[in-house]
Trainee: 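Below is a structure I'd like to ask you about.
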Amino acid sequence: MSIRIQTKPFELMLKYPFSISGYSRESTPLMLLEIELDGLIGLGEASMVPYHGENLATASEFLSKVKLDWLKAPFNFDEVRDYLDGLAPGNPNIKAAIDIALHDLQGKIDQKPCWQYFDVDPEQMPLTSITIGMDSREVILKKVQEAEPAHILKVKLGGEADKMLIETIRSVTDKPLFVDANQGWKDRNQALELVHWLQEQGVLLIEQPMDKNNWEDNAWITEKSPIPILGDESIQRLADVEKAKGVYHGINIKLMKSAGMHEAWQMIQMARKLDLKILMGCMSETSCATLAAAALAPLCDWADLDGPFLTKNNPFPNPDFKDGKWVLNNLAGLGIS
Ligand code: MG
């Protein structure tokens with residue numbers, strides 16, 4: 001039987017307008033994808049956050065080139081990746097949707113949960129943070145309250161009010177914090193001073209302090225920082241991981257950057273080889289991409305998989321969340337019930 005791809009555009013609504021350094025939005029366009037083979041359906045998802053350069057039109061255009069008739073189970077994911085990269089460069093989000101759907105499909109064919117393909121021990125699942133975006137003091141306090149299930153909060157900094165934001169959060173909770181500067185800091189001396197202050201405030205790690213192309217200043221901060229500094233925007237795919245060595249203590253891997261689960265897994269192997277720390281991150285995503293990332297998260301040091309907490313029309317049931325962690329189930333494929 002032949003393989004069929006079906007797509008459905010979906011507007012994922014955020015609970016609060018999402019604001020990071022230099023930008024804000026209220027929803028995220030998704031392309032939900034189904035790949036069907038012999039009556040079994042694999043689910044995938046592309047989350048097209050605007051700053052990543054993809055949208056429904058570019059995704060459709062890319063998909064119009066994709067012919068999967070040659071594919072045979074068990075899928076060879078190196079071959080799939082090389083085929084998709086051969087069709088066009090870029091487009092990591094829609095490539096991720098195809099890779100995720102094929103993993104879900106493979107799991108359903110084998111009647112096996114996806115996490116088993118990566119030799120993952122679900123007991124090793126790290127705590128996941130929930131992000132508190134920039135906002136007024138009142139809204140921040142409300143967000144902290146709503147993030148009650150998380151044992152770690154992530155705070156978006158990189159603006160004028162960084163210390164005020166942290167102090168506001170610290171006025172109501174002692175939970176450990178992740179900080180994401182999203183390239184927002186412009187002066188390395190000021191940034192380093194802030195890094196030391198943040199350490200005193202119970203911050204465990206800091207993502208992308210300065211511009212993604214400013215390797216020198218990011219490396220300078222990393223060298224002097226008492227807490228791990230991670231590259232996010234600087235590090236997209238497997239070929240970028242080696243560049244992180246000597247510049248960052250670790251990397252933030254996201255399926256929408258890595259073009260899916262297979263390459264994310266390869267990035268994890270490479271990062272471990274280079275002695276780099278790993279945060280498994282996400283974009284605005286449904287349970288589908290969240291479970292795909294959660295299947296790999298036990299191989300990482302930290303997780304920031306908060307999609308279902310920050311959105312209000314997740315088309316799938318929320319995965320189980322217990323003691324601050326996602327729970328991997330034994331259902332075939334990604335585990336979407
Ligand atoms: Mg980040």
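Since we're looking at a predicted model, the values are computed, not measured. Just follow the structure's listing: the first ligand is 1, and inside any ligand the first atom is 1.
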Trainee: Listing request: all salt bridge (charged side-chain N to carboxylate O under 4.0 Å, His left out) pairs with a residue in residues 208-222, at least two apart in sequence or in separate chains.
Mentor: Arg188-Asp217
Trainee: Checking Tyr16 now: which residues fulfil ring pair (Phe, Tyr, Trp, His ring centres under 6.0 Å) with it, not counting sequence neighbours?
Mentor: none
Trainee: What residues form a side chain to side chain contact (heavy atoms under 4.5 Å, CB included) with Val247, not counting sequence neighbours?
Mentor: Trp215, Asn218, Ala219
Trainee: Mind checking whether Asn189 and Trp220 have side chains closer than 4.5 Å, heavy atoms only?
Mentor: yes
Trainee: Is a side-chain N or O of Gln208 found less than 3.5 angstrom from the main chain of Met210, in a donor-acceptor match?
Mentor: yes
Trainee: Can you list the protein N, O or S atoms less than 2.8 Å from the Mg ion (ligand 1)?
Mentor: Asp180 OD2, Glu207 OE1, Asp232 OD2
Trainee: Is there a side-chain contact between Arg25 and Pro50 (heavy atoms, below 4.5 Å)?
Mentor: yes
